[in-house]
Amino acid sequence: MKILGLVGGTSWVSTVDYYRLINEGINEKLGDLEFAECIIYSLNYGQIKRNNDANDWDNTLEIITAASQNLERSGAKAIVLCANTMHLIADRLQKNINIPVIHIATATADAIVTKGIKKVGLLGTRFTMERKFFGDKLHEKGIEFIIPEDEDRGHIHYTIFEELGRGILKPETKQYYIGVINKLAKKGAEGIILGCTEIPMLISGEDVDIPLFDTTAIHSKAAVEFALS
């Protein structure tokens with residue numbers, strides 16, 4: 001089994017889900033008391049959020065590079081960035097380390113292709129919805145994507161940082177997300193990417209009548225497959 005290096009803390013609540021899903025995934029494959037060999041480097045979310053607000057991705061890259069290099073020196077054979085937004089610097093990070101970064105958008109695109117879906121809606125932080133780093137991976141697989149209107153993007157971004165990232169799950173926020181998903185479905189989306197690792201804590205497949213792509217679960221599965229390859 002290969003050792004996985006998880007860069008977490010962004011937020012800690014979704015990093016817990018990664019740890020659980022990866023261990024469950026390994027055990028499902030191997031049985032008995034077999035679980036994942038992994039190392040978690042948990043970042044201070046406050047520093048990352050301040051960098052986000054200042055659009056200082058260079059400093060975020062420095063922080064994540066240092067964490068990833070520490071994990072590599074500790075024996076990790078691949079890096080798992082436990083947040084969609086952090087993949088904004090994933091390609092630059094890859095140049096700074098000698099082990100692969102398991103990319104969340106690539107794994108998600110592969111999952112969408114497997115389902116035969118051609119057009120999806122993308123939810124996440126403004127960075128994930130509006131920057132190219134996630135969408136480009138979808139386009140590479142021939143997948144069209146749409147995003148919510150600007151006002152909805154702003155509210156989703158706000159709730160991710162001020163509620164979900166703090167472990168706060170409000171019924172009214174859940175209903176808001178369902179409303180946004182329904183709008184995207186009316187615009188032709190055949191599926192919805194839950195493109196923030198906290199969103200699956202709020203929304204599940206039972207809440208809507210459209211396929212959901214849980215990036216936390218998809219990314220964790222890709223990590224399990226790498227560990228056992």
- Audit row: Ile192, Phe213, side-chain contact (heavy atoms from CB on, under 4.5 Å) steps and yes/no: CA-CA 6 Å; Ile192 301 294; Phe213 293 92; over 6 Å; no
- Evaluate the criterion side chain to side chain donor-acceptor pair (under 3.5 Å) for residue pair Ser68 and Thr65; output intermediate values, then yes/no. CA-CA 5 Å; Ser68 299; Thr65 294; over 6 Å; no
- Task: Keeping to residues at least two apart or across chains, list the side-chain hydrogen bond (donor to acceptor under 3.5 Å, both in side chains) pairs with something in residues 145-156.
- Result: Arg126-Asp150, Glu130-Arg153, Glu149-Lys187, Asp150-Arg153, Asp152-Tyr176, Asp152-Lys183
- Give a yes or no on whether the backbone of Ile178 and the side-chain of Asn182 come within a donor-acceptor separation of less than 3.5 Å. yes
- Query: Testing Val80, Ile89, Val7, Leu93 for side chain to side chain contact (heavy atoms under 4.5 Å, CB included) with Val101, which one passes?
  - Reply: Leu93
Output a table of donor-acceptor pairs, distance under 3.5 Å, between side-chain atoms of residues 217-229 and any protein atom two or more places apart or on a different chain; print 'none' if there are none.
{"from": "His219", "atom 1": "ND1", "to": "Tyr18", "atom 2": "OH", "distance (Å)": "2.8"}
{"from": "His219", "atom 1": "NE2", "to": "Ile102", "atom 2": "O", "distance (Å)": "2.7"}
{"from": "Ser220", "atom 1": "OG", "to": "Thr216", "atom 2": "O", "distance (Å)": "2.8"}
{"from": "Ser229", "atom 1": "OG", "to": "Lys2", "atom 2": "NZ", "distance (Å)": "3.0"}
{"from": "Ser229", "atom 1": "OG", "to": "Phe226", "atom 2": "O", "distance (Å)": "2.7"}

- Task: Kindly give the heavy-atom pair with the smallest separation between Leu202 and Asp207, and that separation in Å.
- Result: O-OD2, 4.0 Å
- Does the Thr197 side chain pair with the main chain of Ala83, one donor and one acceptor, at a distance under 3.5 Å? no
- Is there side-chain contact between Pro148 and Leu184, with at least one heavy-atom pair below 4.5 Å? yes
What donor-acceptor contacts under 3.5 angstrom involve side-chain atoms of residues 31-47, with partners at least two apart or in another chain?
{"from": "Asn44", "atom 1": "OD1", "to": "Gly46", "atom 2": "N", "distance (Å)": "3.0"}
{"from": "Gln47", "atom 1": "NE2", "to": "Asn51", "atom 2": "OD1", "distance (Å)": "3.1"}

- Task: Answer yes if Leu21 and Met1 sit in the same cluster of Ile, Leu, Val, Met, Phe, Trp and Tyr residues linked by side chain heavy atoms under 4.5 Å apart, and no otherwise.
- Result: no
- In this structure, are over 12 heavy atoms from other groups packed under 6.0 Å from Lys118 atom NZ? no
- Task: Go through His103 and Asp91 one step at a time and tell me if the side-chain contact (heavy atoms from CB on, under 4.5 Å) criterion holds.
- Result: CA-CA 9 Å; His103 203 295; Asp91 290 342; 4.2 Å; yes
- Task: Would you give the length of the straight line joining atom CD1 of Ile147 to atom CG of Leu122, rounded to the nearest 0.5 angstrom?
- Result: 7.5 Å
- Item | Taking every non-hydrogen atom, the tightest pair across Thr159 and Ile156 | OG1-O, 2.9 Å
- Note on the structure: Between Val120 and Ile117 the two heavy atoms that sit nearest each other are CG1-CG2, 3.7 Å
- Message: If you apply the rule side-chain contact (heavy atoms from CB on, under 4.5 Å), what do you find for Thr85 with Ile48, and how did you get there?
- Response: CA-CA 11 Å; Thr85 300; Ile48 300 298; over 6 Å; no
- Asn27 and Glu24: CA distance, side-chain angles, deciding distance, side-chain contact (heavy atoms from CB on, under 4.5 Å) verdict: CA-CA 5 Å; Asn27 189 251; Glu24 288 176 350; 5.8 Å; no
- Note on the structure: Rounded to the nearest 0.5 Å, the CD1 atom of Ile99 sits from the CG atom of Leu4 at a distance of 9.5 Å
- Note on the structure: Between the CZ atom in Phe134 and the OG1 atom in Thr106, the distance rounded to the nearest 0.5 Å is 9.0 Å
- Message: If you compare all heavy atoms of Ser14 against all heavy atoms of Ser11, which two are closest, and at what distance to 0.1 Å?
- Response: OG-O, 3.1 Å
- Task: Check the hydrophobic clustering (I, L, V, M, F, W, Y; side-chain heavy atoms under 4.5 Å; chains of links allowed) and say if Ile193 and Val113 are grouped together.
- Result: yes
- Message: Is there a continuous path of hydrophobic side-chain contacts, each under 4.5 Å between heavy atoms, that joins Ile168 to Val13?
- Response: no
- What's the spacing between His87 NE2 and Ile64 CD1 if we round to 0.5 Å? 9.0 Å
- Is there a side-chain contact between Ile181 and Leu123, using heavy atoms and a 4.5 Å cut-off? yes
- Task: For residues Ile160 and Thr125, report the shortest heavy-atom separation together with the two atoms involved.
- Result: CD1-N, 3.6 Å
- Task: Kindly check if the number of other-residue, nucleotide or ligand heavy atoms within 6.0 Å of CH2 (Trp57) is above 12?
- Result: yes
- Message: To the nearest 0.5 Å, what is the distance between CD on Glu190 and NZ on Lys115?
- Response: 13.0 Å
- Item | Interatomic spacing from CD1 in Ile3 to CG in Leu6 - rounded to 0.5 Å | 12.0 Å
- Are any of the side-chain heavy atoms of Asp58 and Arg92 separated by less than 4.5 Å? yes
- Message: Checking the side chain of Thr215 only, and the main-chain atoms of Leu194 only, is there a donor and an acceptor separated by less than 3.5 Å?
- Response: yes
- Item | Where Met86 and Leu81 come nearest, the two heavy atoms and their spacing | O-CD1, 3.8 Å
- Determine, using the 4.5 Å side-chain heavy-atom cutoff (strictly less than), whether Leu169 and Val16 are members of one ILVMFWY cluster. yes
- Look at the side chain of Arg166 and the backbone N and O of Glu162, then say whether any donor-acceptor pair between them is shorter than 3.5 Å. yes
- Any donor-acceptor N/O pair, Asn70 side chain to Ala66 backbone, under 3.5 Å: yes
- Answer yes when Asp136 and Lys141 have at least one side-chain N-carboxylate O distance shorter than 4.0 Å, and no when they do not. no
- Between Asp53 and Lys49, is the closest basic N to carboxylate O distance under 4.0 Å? yes
